[in-house]
Amino acid sequence: MTSEFGTATSRKVVRQLEDAGFEAVFVGGAVRDHLLGKEASDFDIATSATPEEVKRVFPHTIDVGIAHGTVLVLLDDEPIEVTTYRTESTYTDHRRPDEVKFVRSLNEDLQRRDFTMNALALTLTGKLIDPFGGIKDLQSRRIRAVGDAADRFHEDALRMIRAVRFASVLGFAIEEHTLQAIEENAASIVHVSVERIKVEMDKLWKGADSGKALEMIADTRLSEHLPLFPDDDCLLSNCAPYSTAEQGWSALMLAGHFSAGEIARAYKLSNREKDFLADVQNAFARRQSSRFTIDDYYRFTLDVLIATEKVWQSIYPAEPGISILEMNQMKESLPIHSKDDLQVDGKDLMEWASKRGGRWVGEWMRKIEHSVLHQIYPNDAEKIKEWFLSEYEHQE
Ligand code: ATP
Ligand code: MG
């Protein structure tokens, strides 16, 4: 079974490194996910060859992180990450190793990895290398730090967030000593860059067990040290599971009574994510006073409405909610879904009025958009023209 691991190209990369006299193995998440019976996508390779040696074996490579030992090998148009065995020494700032040292021993490389389930390696022939009991922990569905948990979190505090993100995605428990070390070191999360935290949070939100993971964030008091994280609030875990990261960020915003801008700044969200949150913020304000109106269904995407309603229902469980089906039907039943659906455009108006363009065109187009949306008249060029001519003459 395990001999079938990896894509044909990734297997070829391992074989060519071996043929050149080096060690090469599959490592990381793909090995773990394979043992859990899940599809893996990125097949990371670790090797005893130095980056320079890797580049001599393959004609096409890209230096993506050569200081950390990672070379991207391009073989048969497939990019494969190959990372030299390495150790990391003395972290003085809780987030970055002072020195990365390339080594020739796989065991030393596995030792620097965060959790036992992530410190497994698989050879081309299907042999598993498991120096820290990762398989046993996988079987008991347990996240356990490699070595002394407190030391490992002291080196790199992000590992605490990674622990809860794996708890969310895999539905695993965090082993007792590892959990205790998180409780004791929670405050050091402030040393980690928010960009790295966001990568893990995006994965955490989407995990099937995010509710439990969010409780762990509160229980370990990580919440007190994460940016804009409500700690006395179970809304976040009650709202879970989230089907997208945007839903999670929306819940965080609404649970803590923050604005879209505040969350976007604190977690360096993309503009697209920020716009989504701004829409949710507005939709939530609308929902506070009534059910969604025709204008709301027109203005907001279904995803925005779903994220908003999800949180609203958690806050007001006794009130009648709106189902996704109903929201979808309401959106579908609108006569138009955007301005582009209108049967007329500005040029038509100019022609009908025999007048040059100007601000008046936009104003009249907005009136038409509103009237068609509210079915005052149908989205029919002739009918719109009739209405326009009578109203326009009236007003001129
Ligand atoms: P995913 O499937 O979500 O990508 P993953 O385990 O592959 O999970 P990555 O962030 O892609 O996670 O990291 C790849 C591997 O690198 C991990 O399995 C782990 O062995 C190691 N690793 C990543 N981040 C750290 C870290 N902060 N400290 C120690 N080891 C790490
Ligand atoms: Mg990965």
Side-chain angles (χ1 to χ4, degrees), residues 5-7 10 25-47 64-65 68-70 72 79-91 93-98 100-101 103 106-122 128-135 137-138 143-172 178 181-182 185 188-189 191-210 213 245:
F5 184 83
T7 59
S10 64
V25 288
F26 292 105
V27 284
V31 176
R32 176 197 70 226
D33 291 346
H34 174 70
L35 291 172
L36 290 170
K38 292 187 191 176
E39 281 282 327
S41 49
D42 297 336
F43 294 97
D44 293 336
I45 292 166
T47 181
V64 283
H68 296 101
T70 303
L72 201 64
I80 307 281
E81 268 196 15
V82 176
T83 305
T84 303
Y85 295 162
R86 60 173 216 232
T87 59
E88 292 165 355
S89 59
T90 52
Y91 293 67
D93 59 0
H94 310 283
R95 59 184 165 163
R96 228 179 293 113
D98 296 337
V100 170
K101 206 169 92 199
V103 294
L106 172 61
N107 265 29
E108 273 188 81
D109 179 273
L110 294 177
Q111 201 163 2
R112 68 152 174 105
R113 294 176 182 269
D114 47 6
F115 305 110
T116 60
M117 62 181 185
N118 290 345
L120 296 165
L122 187 62
L128 270 162
I129 295 142
D130 176 21
F132 308 105
I135 295 173
D137 284 330
L138 273 182
I143 298 160
R144 180 200 304 272
V146 170
D148 182 81
D151 287 350
R152 304 313 308 284
F153 296 149
H154 196 74
E155 287 170 1
D156 181 3
L158 181 75
R159 291 170 185 155
M160 299 187 287
I161 301 293
R162 285 175 58 85
V164 283
R165 121 26 194 176
F166 284 119
S168 171
V169 174
L170 303 173
F172 284 16
T178 306
I182 298 179
N185 292 279
S188 65
I189 196 64
H191 300 295
V192 177
S193 79
V194 41
E195 286 91 341
R196 293 180 77 208
I197 293 176
K198 176 172 186 286
V199 171
E200 300 299 331
M201 285 303 298
D202 277 338
K203 293 183 178 180
L204 186 151
W205 291 126
K206 288 187 285 186
D209 245 333
S210 57

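All ligand and atom numbering here is 1-based and tracks the order in the structure. Worth knowing before you read on, the calculation uses all heavy atoms, side chains too, and leaves out hydrogens, waters and symmetry mates. These numbers come from a predicted model, not from an experiment.
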Heavy-atom side-chain contact between L158 and R165 under 4.5 Å =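 Heavy-atom side-chain distance check fails, nothing below 4.5 Å.
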
Side-chain heavy atoms of F115 within contact of R32, under 4.5 Å =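 Not touching, per the 4.5 Å side-chain cut-off.
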
Out of L170, V27, D109, N118, whose heavy atom sits nearest atom 20 (O) of ligand 1?
->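 It is N118 that holds the nearest heavy atom.
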
Option with minimal heavy-atom separation from atom 13 (O) of ligand 1, where the choices are R162, R32, R165, M160 |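 Among R162, R32, R165, M160, the closest heavy atom to atom 13 (O) of ligand 1 comes from R162.
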
Cationic N near anionic O, under 4.0 Å, E155 to R152 |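 Yes, charged N to carboxylate O under 4.0 Å.
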
Going by an N to O cut-off under 4.0 Å, is there a salt bridge joining D202 and K206?
->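 The answer is no: the pair does not qualify as a salt bridge.
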
Are any of the heavy atoms in F166 under 4.0 Å away from ligand 1?
->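 Under 4.0 Å: yes for F166.
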
Can you find a non-hydrogen atom of L158 under 4.0 Å from ligand 1?
->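 L158 does not count as a contact of ligand 1 under the 4.0 Å cut-off.
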
Ligand-side contact atoms (ligand 1) for residue partner [X], heavy atom cut-off under 4.0 Å:
X: G28; answer: 18 (O)
X: R112; answer: 29 (C), 30 (N)
X: G29; answer: 5 (P), 6 (O), 7 (O), 18 (O)

side-chain hydrogen bond (donor to acceptor under 3.5 Å, both in side chains) partner of D156, chosen from R112, R196, R162 |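 When side-chain hydrogen bond (donor to acceptor under 3.5 Å, both in side chains) is applied between D156 and each of R112, R196, R162, only R196 qualifies.
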
The single option from I129, D130, V146 passing side-chain contact (heavy atoms from CB on, under 4.5 Å) against L110 |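 Of all the options given, the one that passes is I129.
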
Under 4.0 Å from ligand 1, counting heavy atoms only, is it the side chain of D156, its backbone, both or neither?
->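 D156 to ligand 1: side-chain contact only, backbone stays beyond 4.0 Å.
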
